[in-house]
Structures are given as structure tokens and as C-alpha cells.
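Following: one structure in C-alpha cells, then a few remarks.
All values reported here derive from a predicted model rather than from experimental measurement. Here is how names work: the chains are called A, B, and so on, in the same order as the sequence lines, proteins then strands, and each is numbered from 1.
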Number of protein chains: 4
Amino acid sequence: MAGSVNKVILVGNLGRDPEVRTFQDGGKLCNLRIATSESWKDRNTGERRERTEWHNVVLRGDGLVRVAEQYLRKGSKVYVEGQLQTRKWQDQSGQDRYSTDVVVAGLGGTLTMLDGRSGDGGGGGYGGGQGGYDSGPQGDPYGGSQGGAPAPASGGIDDDEIPF
Amino acid sequence: MAGSVNKVILVGNLGRDPEVRTFQDGGKLCNLRIATSESWKDRNTGERRERTEWHNVVLRGDGLVRVAEQYLRKGSKVYVEGQLQTRKWQDQSGQDRYSTDVVVAGLGGTLTMLDGRSGDGGGGGYGGGQGGYDSGPQGDPYGGSQGGAPAPASGGIDDDEIPF
Amino acid sequence: MAGSVNKVILVGNLGRDPEVRTFQDGGKLCNLRIATSESWKDRNTGERRERTEWHNVVLRGDGLVRVAEQYLRKGSKVYVEGQLQTRKWQDQSGQDRYSTDVVVAGLGGTLTMLDGRSGDGGGGGYGGGQGGYDSGPQGDPYGGSQGGAPAPASGGIDDDEIPF
Amino acid sequence: MAGSVNKVILVGNLGRDPEVRTFQDGGKLCNLRIATSESWKDRNTGERRERTEWHNVVLRGDGLVRVAEQYLRKGSKVYVEGQLQTRKWQDQSGQDRYSTDVVVAGLGGTLTMLDGRSGDGGGGGYGGGQGGYDSGPQGDPYGGSQGGAPAPASGGIDDDEIPF
DNA sequence: TTTT
DNA sequence: TTTT
């Protein structure tokens with residue numbers, strides 16, 4: 001079906017360090033565990049309550065994975081934009097199981113760091129290592145192909161694009 | 001945790017009619033099954049491929065449920081804005097299972113119809129039966145309390161707010 | 001500055017046909033005029049009121065422009081995702097003026113058709129001519145480079161990617 | 001027109017302290033000046049370039065304004081969700097002028113602080129004053145009216161909802 | 001398992 | 001005018 005949109009936007013903190021898996025062909029994938037929380041006052045008791053939601057985030061594409069490996073740690077706060085994908089798998093007893101991930105792919109997905117602390121207690125800080133990584137940069141914001149040499153319409157991820 | 005965001009935006013079509021459940025206290029909940037699809041050309045074979053993702057969407061709040069009951073049908077195209085929530089439940093064998101829903105709640109969530117056909121093949125068209133329902137209207141878009149009598153800061157869902 | 005996000009999401013209808021400009025180098029740009037509306041009940045008078053907002057949308061990138069030229073017309077309903085950009089210009093009297101556009105760029109921006117009618121009153125319908133164009137496809141949704149030949153990390157816009 | 005969406009999502013920093021205006025009826029409005037930036041490598045020269053975009057953000061609703069007054073300062077990083085609105089006004093010579101704002105309204109709009117430093121060099125820090133304010137909380141995330149006493153479907157902004 |  |  002054309003004419004559809006599948007988009008997730010999260011701002012939250014990593015519950016643990018990023019986990020990277022490498023495939024036989026050298027491709028990489030990175031799993032993030034991201035917490036979002038909300039709090040509200042119970043209308044009956046008047047107590048403040050809080051609920052934390054945990055999200056399985058999958059980064060695909062070598063550039064995104066490299067950024068996560070280098071800059072993200074348990075506790076890091078990030079903005080991610082991706083899409084919902086539900087995977088089917090079999091448990092040990094052979095039963096079908098389903099898991100839903102937020103997939104941030106090389107193109108179209110976005111990962112932006114919102115602090116530089118990396119959750120390690122050292123370094124970082126306000127003027128420090130803040131960084132961001134947008135896997136889908138919109139290129140020269142001043143124009144498309146007009147102006148200057150014709151752009152090779154590259155896209156993809158370029159070492160030089162690491163923005164720190 | 002303050003400082004977090006958990007947002008899902010979907011545009012897709014209902015795979016079946018909405019399913020409404022009523023609770024003992026009269027509260028209602030509505031389940032929607034929404035499909036989003038994307039297609040791409042396989043880089044190796046050059047063939048066009050397509051993948052459809054199915055989303056469990058839960059509408060909470062009587063106003064949202066009423067709109068869904070009245071206006072949505074299998075095939076309806078909708079815009080929904082909600083948040084990710086993963087539920088834990090036990091299967092027949094007592095094993096823990098998890099399911100992830102897109103929850104569209106009375107406040108903060110949004111449901112907008114993108115066609116007026118309601119999947120029935122009739123009507124619709126540009127000037128026709130388009131409808132929408134925004135559970136979180138921003139009130140008078142021209143102002144807050146300034147101008148006119150002080151707004152009672154209502155919010156919530158009001159019969160008169162059904163926008164068709 | 002790393003760590004920032006500038007994103008606009010619109011669902012609305014074209015108030016007139018797309019307007020395409022071609023540059024000396026062959027590059028193209030397309031202007032869309034998109035209306036979004038909201039209605040609410042006046043808290044004082046109880047009357048229903050409506051407000052329409054008009055948005056200047058600029059499509060950059062030959063692929064996006066081509067899709068707009070071929071498929072969009074006055075009345076078409078679209079989903080667009082882009083970013084805010086304010087331009088400075090001089091009026092006839094030499095005074096500085098500013099205009100704010102929603103810029104949908106080749107990478108990162110998205111244009112999806114939500115009807116197939118193209119404003120012409122014909123066709124369309126549920127199983128019919130719906131179309132969409134996502135300038136930032138996430139490639140093979142089943143994987144990155146893992147599986148199959150290494151992906152050339154193309155990106156950009158490809159004639160073959162026109163998804164109709 | 002029903003069936004439309006007008007949404008802006010920004011993550012950026014305040015270029016100056018919030019500016020609050022109070023109306024005769026006691027209503028309040030707050031202006032924020034928010035910067036978003038992106039950087040990219042020039043395809044011709046290979047140089048890294050950067051572009052900053054400035055956004056006029058208008059907070060409406062006493063709760064949102066109060067939070068901005070108390071917690072935001074020049075330099076604060078925030079997430080805002082609002083809608084585009086273009087205002088018409090007359091300059092000194094009586095000519096029509098237009099300005100486009102991102103309006104964050106009491107319901108439907110969101111303001112979330114992403115740091116606690118408030119740009120003042122004092123206090124805050126990692127474990128400190130982080131805060132957030134969501135003007136459109138989804139209430140009890142575990143349910144609607146089901147469970148417990150019937151919810152008064154309040155909405156609006158409640159002193160007790162200040163989430164710090 | 002994060003964060004406040 | 002912010003931030004990196």
C-alpha cells in the first residue's frame with residue numbers, strides 16, 4: 001500500500017551500553033534499550049505515580065552503528081526517529097513469538113545525541129562532547145542541484161559526515 | 001523521568017472493522033488493526049518488493065471510541081498519533097508474553113480520518129465526507145484566555161466537539 | 001549545533017496545482033500551497049468556527065519534483081515531512097522581508113500522496129490509484145548490508161524508485 | 001477541512017531568556033527564540049558548513065507559560081511540539097506583513113526540558129534540576145475511565161501537574 | 001536497565 | 001540570539 005506512514009519518535013535514556021552485532025559479511029547492527037517515562041498524579045489518591053516504558057531500538061547501517069559505539073553509553077540521552085517493525089521468532093519450544101522494535105535505518109532514520117556525558121560520569125558536561133548524528137542529512141540546506149557542481153546525490157553514510 | 005518523548009505517528013488503513021470493548025464501569029476501549037506498507041526495489045534482483053507492517057492500535061477515552069465506532073470501517077484510512085506501550089500477559093501455559101500497542105489516549109493522542117468513505121466504496125471526494133477527530137484540540141486557535149470570557153479550561157471530550 | 005531537530009509534519013490539501021521552476025543547471029524546485037484546517041466550538045457563543053492555515057511547501061530534488069508534477073493537482077491530499085526554513089528577501093522598496101517555508105529535501109524529507117484522485121474528480125478509491133513517494137526510503141526493510149550482496153548504499157533518488 | 005495535521009517538532013536551544021506578556025484579563029503568553037542547527041560537508045570544497053535556523057515559538061496557556069518562566073533560560077535545550085501559524089500584521093507604513101510562529105498551546109502542544117541547567121551556569125547539572133512539562137499528559141497511562149472513580153476528564157493545566 |  |  002502506498003500512502004502510508006510508520007514513524008516513531010523517542011527521546012529517552014539508554015538503560016545499558018549499546019550492543020553491537022557483526023554479520024559474516026561485515027555488516028553491523030546495534031541494539032539500544034531506551035527508557036521513556038511519564039508521571040502523573042493519581043486522581044483518586046492524589047499520589048504522584050510514574051510509569052517507565054522500555055523500547056527495543058535497532059540501528060541498521062554502519063554509520064549509525066559506529067556513532068552509537070563511539071558516543072553512546074548507559075545513561076546517554078538520545079533522540080531517535082525510526083519505524084515500528086514486529087519480528088516473528090520461535091522460542092525454545094518452537095512456539096511463534098513476536099517482538100516489536102523501533103528500527104532506525106541508514107536512510108530515513110535519525111539518531112541525535114542530546115547530551116555528551118555518555119553516562120560514564122566523566123568528561124562531557126555542558127560545553128563538552130555533545131554530539132549528534134543525523135543519518136538522513138538533507139544535504140546542502142541551501143539548494144538541491146542548483147548552484148555549484150551537480151551534486152552526486154549520494155546519501156548513505158560518509159565517514160566525513162560524522163559531525164563531531 | 002522528565003525530559004522524555006514517546007510518540008508514534010501512523011498513516012494507514014484498517015484491516016478490519018474497529019473492535020470495541022466496554023468495561024463494567026461503562027468505560028470503553030477500541031482496538032484498531034492498521035496496516036502500513038512500503039515498497040522498494042531489490043538491489044540484487046531489481047524486483048519490486050513490498051512489506052506490510054500491522055499495528056495494534058488501542059483507543060482509550062469515550063470520545064475517541066465513539067468516533068471510531070461511528071466512522072471507521074475496514075479499509076478506512078486514518079492518521080493516528082499515540083505512544084508505544086508494551087503489555088505483559090500470560091499465555092495458556094502460563095508463560096510470560098509481551099505485546100506492543102500504539103495507545104491513543106483521550107488527551108495527547110490524535111485520530112484523524114483521511115477519507116470519508118469509511119471503507120464502503122461510496123461518497124468521499126474532495127469537498128465531501130472527509131472527517132477527522134482530534135482528541136487534543138488546541139482550543140480556540142486565536143488565543144488562550146485572552147479575549148472573550150475566561151475559558152473554562154475544559155479539555156477532555158465533549159459531544160459538541162465531534163467534528164462532522 | 002549538533003543535538004537539534006527541525007521537523008514539520010503536514011497532512012492537507014493543495015490549494016492549487018504545483019508550480020515548478022527549473023534552474024539554469026537543470027535543477028528543479030516545486031512550490032506547493034497546502035491548507036490545513038481545524039475547527040472548534042466557540043466557548044462563548046457555542047458556534048462552530050473553523051480556521052484554515054496555508055503553508056508554503058518547497059520540494060527540492062528532482063525526484064520529488066517529478067512526482068509532484070506528475071501526480072499532484074489542486075485538491076490532492078498529501079502527507080509531507082520537512083523542515084522549517086525562513087528566507088530573507090527584499091521587497092520593491094528594498095525593505096527586508098522574511099518568509100517561512102516548509103522545505104522537503106531530497107534526503108530526509110518525505111512526500112506521500114493520500115489519495116489517488118489528483119484533484120480531478122476521477123478514479124481513486126480504496127483499491128485504486130493511491131500512491132506515495134517517500135524520498136527517504138529506508139531501503140530493504142529486512143536488513144542492512146547483511147544478507148545478499150553488499151548494498152551499494154545508494155540512497156538519493158532513482159527513477160526506479162517511483163513507487164506507482 | 002477536517003482530516004488535516006499541522007505539527008512541528010523542534011529540539012533546540014533558547015537564544016535568549018523567555019519573554020512573557022500578560023494580558024488585561026490576566027492571561028499570559030510566552031515567546032521563545034529557539035535555534036536549530038545542522039552541519040554538512042560542502043560537496044565542492046569539502047569544507048564543513050553550518051546553518052542555524054531561528055524559530056519564533058509562542059507558548060499559550062498559563063501552565064506552559066509558568067513553566068517557561070520558572071525553568072527556561074537562555075541556552076536551555078528543549079523539545080517543543082506545536083503547530084505552524086502565520087500572523088498578519090501591519091508595519092509602520094501600514095503595509096501588510098506576515099510572520100510565522102510555532103504555537104504551543106495548552107492542549108495538544110508539548111514543552112519538555114532536555115537539560116536542567118537553564119543556561120545560568122549555576123545549579124542543575126546532570127543529577128540536578130532536569131525537568132519537563134507536558135501540557136498534554138495522557139492522564140493515567142493504565143486506563144481511561146475504567147478502574148477507580150470516574151475521572152473528571154479535567155485536562156487543562158493543574159498546579160499539581162508541575163512535574164518537578 | 002535509564003532518568004527525574 | 002543558542003549550541004557544537
Closest to side chain of D:R16, choosing from E:dT1, F:dT1, F:dT3 = F:dT1
query = Would a distance-only check, ignoring hydrogens and angles, find a side-chain to backbone donor-acceptor pair under 3.5 Å from D:E53 to C:T86?
reply = yes
query = Could you state the interatomic distance from CZ (B:R87) to OH (B:Y98), rounded to the nearest 0.5 Å?
reply = 12.5 Å
ask   = Rounded to the Å, how far apart are D:H55 NE2 and F:dT2 P?
value = 15 Å
task = Please state how far atom NZ in A:K77 lies from atom P in E:dT1, giving the value in whole angstrom units.
result = 20 Å
request  = Looking only at side-chain atoms of D:S37, point me to the closest of F:dT3, F:dT1, E:dT1.
outcome  = F:dT3
ask   = Okay, side chain of D:N6, backbone of D:Q83: is any donor-acceptor separation there less than 3.5 Å?
value = no
query = Within this structure, what is the OH-to-C1' distance between B:Y98 and E:dT1, rounded to whole angstrom?
reply = 13 Å
query = Rounded to the Å, how far apart are D:L114 CG and F:dT2 C1'?
reply = 14 Å
task = Send over the distance from D:E19 CD to F:dT2 C1', rounded to a whole Å.
result = 14 Å
Rounded distance (Å) that lies between atom P of E:dT2 and atom CG of A:D17 = 11 Å
ask   = Looking at E:dT2, does its base get a donor-acceptor pair with the side chain of A:T52 below 3.5 Å?
value = yes
request  = Round to a whole Å and report the spacing from CZ of D:R73 to C1' of F:dT2.
outcome  = 15 Å
ask   = Any stacking of A:W54 on E:dT1, going by centres under 5.5 angstrom and planes within less than 30 degrees?
value = yes
key: Heavy-atom donor-acceptor pair, D:K77 side chain to C:G3 backbone, under 3.5 Å   = yes
Length of the CD1-C1' vector between D:I34 and F:dT3, whole Å = 13 Å
